[in-house]
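The structure presented is a predicted model; accordingly, all values stated were derived computationally and were not measured. Starting from 1, each residue takes its place in the sequence as its number. Remember, it's 1-based here, ligands and their atoms both numbered in the order they're listed.
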Amino acid sequence: MPVTCSASECGSRAILKRPKTGDALCRECFFAAFELEVHHTVSRGRIFQRGQKVAVGASGGKDSTVLAHVLKVLNQRYDYGLDLVLLSIDEGITGYRDDSLETVKRNSAQYDLPLQILSYQDLYGWTMDRVVTSVGRKGNCTFCGVFRRQALERGAALIQADLIVTGHNADDIAETVLMNLLRGDIARLERCADLAADFAQSGAVPRAKPLKYAYEKEIVMYAYFKKLDYFSTECIYSPNAYRGFARSFLKDLERVRPRSIIDIIHSGEHLRVKAQLRDRLPVLDRCSRCGHLSSQGVCKACVLVEGLNRGLPKLGIGKKASLLLQSDVRRMDGKGCGNDSRGIVCGSGKDEGIVCGSGKDEGIVCGSGDRTSGCGNESELTVCGKADRECLPSEDVGMKGRVDVVSVGDLERGISACGDCDHLGSCNGSGG
Ligand code: SF4
């Protein structure tokens with residue numbers, strides 16, 4: 001016997017059971033309920049103001065396609081007064097992003113919304129295809145996530161948007177809460193379930209997630225029954241094992257108790273960091289190098305690009321390595337190295353850093369001829385001034401034990417060499 005739609009006074013035949021509530025609904029009542037919930041999310045959260053230009057992060061996937069469609073509908077239905085623009089980031093992933101961008105271009109025409117595309121190649125000089133060639137398939141998503149976050153910010157600034165909205169759904173947010181909890185990432189844990197982030201102190205473009213309470217399954221149903229044009233292939237570089245575990249765990253929980261997703265989000269919303277810990281949390285500010293949003297002196301994107309450009313991509317991954325590279329990037333901005341540095345590049349001969357020219361260090365790259373891959377001796381990484389990079393080889397500077405992790409590109413970009421020994425930065429001219 002056909003089931004009747006449970007919405008009051010409908011009486012039509014139900015065609016689906018809502019994953020979130022278990023209600024049996026007809027197609028039209030499901031659309032109405034879904035759209036009304038998104039409207040409640042944005043109106044209760046007061047994320048829009050009339051007259052705002054809103055950049056909709058659009059990847060061509062189901063979430064961002066549904067977001068663009070629903071916002072277009074709600075903007076007209078409730079007269080939000082928003083100027084909506086699609087903003088896409090081209091990561092440079094052949095066979096994935098090139099195809100999904102074609103979907104976004106069609107969406108732009110279908111919804112009559114302007115589209116702005118920015119590419120990693122233009123912003124960072126690297127495509128993800130090249131990043132993966134350099135870093136491998138482990139850790140590649142760290143680069144991609146950091147670059148995308150900043151790229152959205154830069155794109156929004158370019159089109160003078162007042163707000164960025166992204167298609168993060170309830171499942172994404174619950175997974176993120178779980179991951180941050182499991183990793184003990186206190187700084188992210190407190191804010192990852194927020195509906196909006198305003199970054200007021202740093203002046204960065206605020207962000208919001210209007211689909212925060214929309215279940216992934218319902219987004220798929222909405223896209224399917226609305227016959228939206230979206231791209232459903234997974235990224236070819238998507239190992240992201242840790243999120244995968246959190247996702248499977250969440251799916252198991254959802255099977256037993258569908259409310260688990262919302263309950264985890266509610267838990268995340270109410271978690272508060274102890275006052276004594278709060279002082280130790282990083283404060284969002286501006287990168288001293290590129291001027292974009294950062295919780296460190298030099299932002300993670302600059303650190304990662306620096307590592308890639310130097311042929312040391314893994315040095316930007318992981319907290320310790322990132323800090324080391326941060327200190328080095330700062331030094332390259334003119335602060336000099338000194339003898340006691342733990343930095344990556346130093347010619348002092350006394351460093352405990354990762355890269356040192358002393359010939360005695362347990363460094364990864366050394367110009368001494370004792371430990372580099374170029375000289376045929378042991379090296380933990382495949383980066384060497386002689387073999388893999390365009391650099392100043394140690395024989396050119398005539399100094400045994402000097403660091404040769406200085407690319408010609410670095411010098412062309414104006415990073416000065418020591419007057420006495422031709423090495424990077426001011427190494428006190430102490431020789432080595
Ligand atoms: Fe980028 Fe990783 Fe997502 Fe692929 S799966 S688009 S590499 S973050």
Any N/O/S atom of Cys141 sitting less than 2.8 Å from atom 4 (Fe) of ligand 1, backbone or side chain? no
Residues in salt bridge (charged side-chain N to carboxylate O under 4.0 Å, His left out) contact with Asp98, at least two apart in sequence or another chain: none
Is there a donor-acceptor contact under 3.5 Å from the side chain of Asp23 to the main chain of Leu25? no
Please list, in number order, the atoms of ligand 1 under 4.0 Å from a heavy atom of [X].
| X | answer |
| --- | --- |
| Cys144 | 1 (Fe), 6 (S), 7 (S), 8 (S) |
| Asn140 | 7 (S) |
| Cys235 | 4 (Fe), 5 (S), 6 (S), 7 (S) |

Looking at ligand 1, would Arg148 count as a contact under a 4.0 Å heavy-atom criterion? yes
Could you work out, with side chain to side chain contact (heavy atoms under 4.5 Å, CB included) as the rule, every residue matching Asp83, not counting sequence neighbours? Lys53, Val85
Residue pair Tyr96 / Glu91, side-chain donor-acceptor N/O under 3.5 Å: no
Could you go through the salt bridge (charged side-chain N to carboxylate O under 4.0 Å, His left out) check for Arg50 and Asp79 one step at a time? CA-CA 9 Å; Arg50 197 170 183 75; Asp79 192 21; 3.3 Å; yes
